[in-house]
Amino acid sequence: MPGTLDLSIDLALAGLAVGSAAALSGVGLVVTHRVTGVLNLAQGAQATATAYLLRELVVVRNWPLAPAAAFCLLVAAPALGVLLDLAVFRPLRRRDAGQAESMVAGIGVFVLLIGVIVLVWGTTPFGDAPALVPATVIARPGGHALRLDTLVQLAVVLGLAGGVGLVERYTAFGIRLRAVVDNRRLARLAGIDADRISAAGWAFGSFTAGLVGVLLAPLLLLDPYGLPLLVMATMAVAVAARLRSLPVAVATGLGLGIAQSELTRLRPGGQLLPLAQAVQTNLFVVALLVAALLPWGRGQDGPGLATSGGRPGRRGSSAARTACAVLLLLPLGFRPEDLRHALLVPALALVLLSVVVVTGYGGQVSLGQAGYAGLGALGTALLMSGKVPGVPALSAVPALLLAVAATVPLGLLTGWPAVRRRGLALALVTFAVGTALSRLVFDQPYATTGLTVSRLGLPADDQGFYLVELVLLGAGLLLVRSLHRGPPGRALTAMRDHQAGASAAGVDVPRLKLLVFMAGAGLAALGGALTALAQQGFDATAFDPVQGLLWFATVVVAGADSAAGAVLAAALLTGLDAGTLPGVSAVVVGALATAIGRLPGGLAGLARRLADRPAPGLTPLGHRLRRRIAERSR
């Protein structure tokens with residue numbers, strides 16, 4: 001018994017290091033949200049960028065650690081936060097943009113920073129990130145090792161949380177801050193510079209994000225995809241605190257860090273061991289899923305994503321369809337090595353179409369479509385490999401159809417919470433579901449070992465398989481068109497534009513939400529299955545949650561309710577990834593997403609506004625008559 005207690009104490013002390021970093025992440029998220037009203041979805045990318053910058057200065061350019069850390073944490077990180085406030089979020093705030101647009105802007109910042117990191121430092125992980133404090137043992141109270149870095153991190157977390165509380169309660173700045181938090185408009189009327197308060201909040205949040213990155217990097221590999229996702233998983237701490245309570249955030253972060261360390265003692269026998277190890281390694285992901293699913297409010301409804309504003313004119317619609325047809329048929333004349341890259345275009349187009357259905361047509365923010373795409377790919381691989389109990393190995397077509405059919409009901413995983421949630425609350429649920437699928441299923445050997453994927457039953461050559469993909473993409477486009485036209489389209493538009501009004505008008509909103517998420521899950525699963533068949537293997541990195549954020553931002557930039565825009569965006573993303581350096585596509589999409597406040601409706605909305613401009617020399621009355629004649633001729 002004493003030995004068991006000693007082991008528990010040692011594990012608890014070891015877990016305080018990760019727990020302190022998670023608590024610090026929660027403090028930054030809570031403070032930023034309370035001051036600005038924005039959940040900083042870019043925090044993981046900010047943390048990673050700061051960690052990479054510190055390594056660049058210390059390891060590559062041979063700066064002393066102390067001045068390099070001071071520059072990164074006290075100058076670069078806060079400056080980045082102020083820049084984000086000035087260039088991205090303040091314009092949205094001044095025109096009273098909805099929560100959905102703020103989330104898209106945050107995702108755009110995340111994608112942009114990750115793209116810049118990949119462009120500058122590449123995708124190879126680094127294992128030599130400098131540690132701010134050495135991991136030396138300073139005391140052994142009761143025979144238990146207490147490390148200096150753990151003690152310093154814990155002191156920093158408690159000091160920052162306590163300092164924020166004291167500033168809020170006992171200083172003039174704190175009084176102004178509370179006034180802005182309680183009612184921003186009244187605070188401005190009272191002469192308080194609310195913009196300066198928000199800039200300070202962003203600077204503090206960016207500083208804490210950078211500190212989290214440089215604290216976690218020495219404990220892990222410095223990876224442009226893994227580290228940002230780990231930091232985003234620590235959003236569980238802020239969500240558990242309901243984005244309000246600093247003490248709850250600190251306690252939750254420390255508790256999860258200790259629990260993750262204690263779970264290493266859990267060693268169940270048989271087939272439960274890999275699952276237990278997966279849960280222990282990804283405890284923060286599990287906590288995020290649980291915290292997001294617990295009832296904690298519906299999120300702010302507010303204005304949703306701006307769409308392209310109805311059907312485009314005949315000229316714009318014909319041009320978009322023609323461009324899609326040309327881009328999809330052009331690869332049939334490519335050389336074999338170039339056609340191999342083009343195989344991913346129809347598959348990715350189906351995944352992006354799933355986002356159009358859920359977000360563009362249904363008005364529901366879904367950040368987890370990559371998870372359903374991965375389920376379609378993994379299910380196809382399992383069925384073709386004969387690894388599903390009681391089911392013999394199947395050829396490609398029945399395996400693909402069964403995988404999609406099995407994934408559609410799983411759309412209820414996100415559709416059911418969507419019945420009672422909107423906005424930020426729903427976005428967190430969908431992101432948590434996608435992340436849990438990736439970390440607990442796709443990345444685990446027990447689910448992906450020994451998989452074989454072939455095109456048995458389909459054309460073996462790339463050109464023949466590409467034609468099959470085009471046929472399936474056409475079927476997906478017909479499904480999307482049927483959801484956008486007639487009574488279903490009108491009901492979806494009413495639900496997207498004003499949910500309460502749609503319900504009052506007799507629209508069965510809960511049932512319609514479930515239908516939207518199930519259709520989106522089916523389209524994403526079909527795209528994922530085609531991805532696996534195109535690559536003739538299952539690649540978990542293709543369905544990483546970070547990739548899902550890139551896809552969501554791409555659809556919003558192209559036009560959230562534009563099916564043609566989704567197809568064109570798939571071709572653009574695939575072409576950029578194949579023909580340029582890694583990270584270019586993320587930089588392009590991220591830069592456009594950060595400017596979504598100036599591009600309502602995305603590029604499709606911009607094209608519509610340009611097409612609707614009055615012709616030179618035409619009076620406003622003549623313009624209206626021309627539009628009416630065009631509408632009647634459709």
Side-chain angles (χ1 to χ4, degrees), residues 40-53 56 80 83-84 87-88 103-126 209 213 221-232 341 344-345 347-349 351-352 355 359 366-371 373-374 427 431 434-435 438 527 531 539-560 565-566 568-597 599 602-603:
N40 185 15
L41 295 177
Q43 187 191 49
Q46 291 174 271
T48 306
T50 307
Y52 267 96
L53 179 60
E56 175 72 17
L80 176 60
L83 178 62
L84 294 181
V88 179
M103 283 191 292
V104 171
I107 293 171
V109 173
F110 179 94
V111 171
L112 175 61
L113 290 177
I114 295 299
V116 171
I117 290 171
V118 172
L119 275 176
V120 175
W121 289 288
T123 58
T124 303
F126 295 118
L221 287 176
L222 191 52
D223 174 36
Y225 299 111
L227 184 58
L229 192 61
L230 177 62
V231 176
M232 288 192 73
H341 295 295
L344 297 177
V345 174
L348 180 56
V351 179
L352 298 187
V355 182
T359 300
S366 177
L367 305 181
Q369 295 305 105
F431 176 76
T435 305
S438 175
T531 300
D539 181 9
T541 61
F543 311 104
D544 191 274
V546 174
Q547 194 73 20
L549 294 178
L550 172 63
W551 293 341
F552 177 82
T554 301
V555 170
V556 174
V557 166
L568 293 173
L572 176 63
L573 275 183
T574 306
L576 286 175
D577 289 337
T580 62
L581 296 174
V584 171
S585 61
V587 170
V588 172
V589 172
L592 290 172
T594 57
I596 194 63
L599 284 174
L603 298 178

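With sequence neighbours excluded, the residues satisfying side-chain hydrogen bond (donor to acceptor under 3.5 Å, both in side chains) with Q369 are S354, S366. The side-chain hydrogen bond (donor to acceptor under 3.5 Å, both in side chains) check on T541 picks up D539, with sequence neighbours excluded.
Taking each heavy atom of L119 and G583 in turn, the nearest pair found is CG-C, 4.1 Å. Annotation for G527 and V351: closest pair CA-CG2, 3.9 Å, computed over non-hydrogen atoms. Across all their heavy atoms, A542 and W551 have their closest contact at O-CH2, 3.4 Å. For A593 against V557, the heavy-atom pair with the smallest separation is N-CG2, 3.6 Å. When all heavy atoms of G548 and A370 are compared, the closest pair comes out as CA-CB, 3.7 Å.
For the pair Q46 and N40, the minimum side-chain heavy-atom distance is below 4.5 Å. Using a 4.5 Å heavy-atom threshold, the side chains of L573 and L348 count as touching. Side-chain contact check for E56 versus W121: some heavy-atom pair is nearer than 4.5 Å. Residues L576 and V589 fail the side-chain proximity criterion, which asks for heavy atoms closer than 4.5 Å.
Evaluation of the side chain to side chain donor-acceptor pair (under 3.5 Å) test over residues 107-116, restricted to residues two or more places apart or in two chains, returns none.
Listed for the Y52 side chain is a donor-acceptor partner under 3.5 Å among the backbone atoms of L222.
Looking at L549, L550, T594 one by one, the single match for side-chain contact (heavy atoms from CB on, under 4.5 Å) with F110 turns out to be L549.
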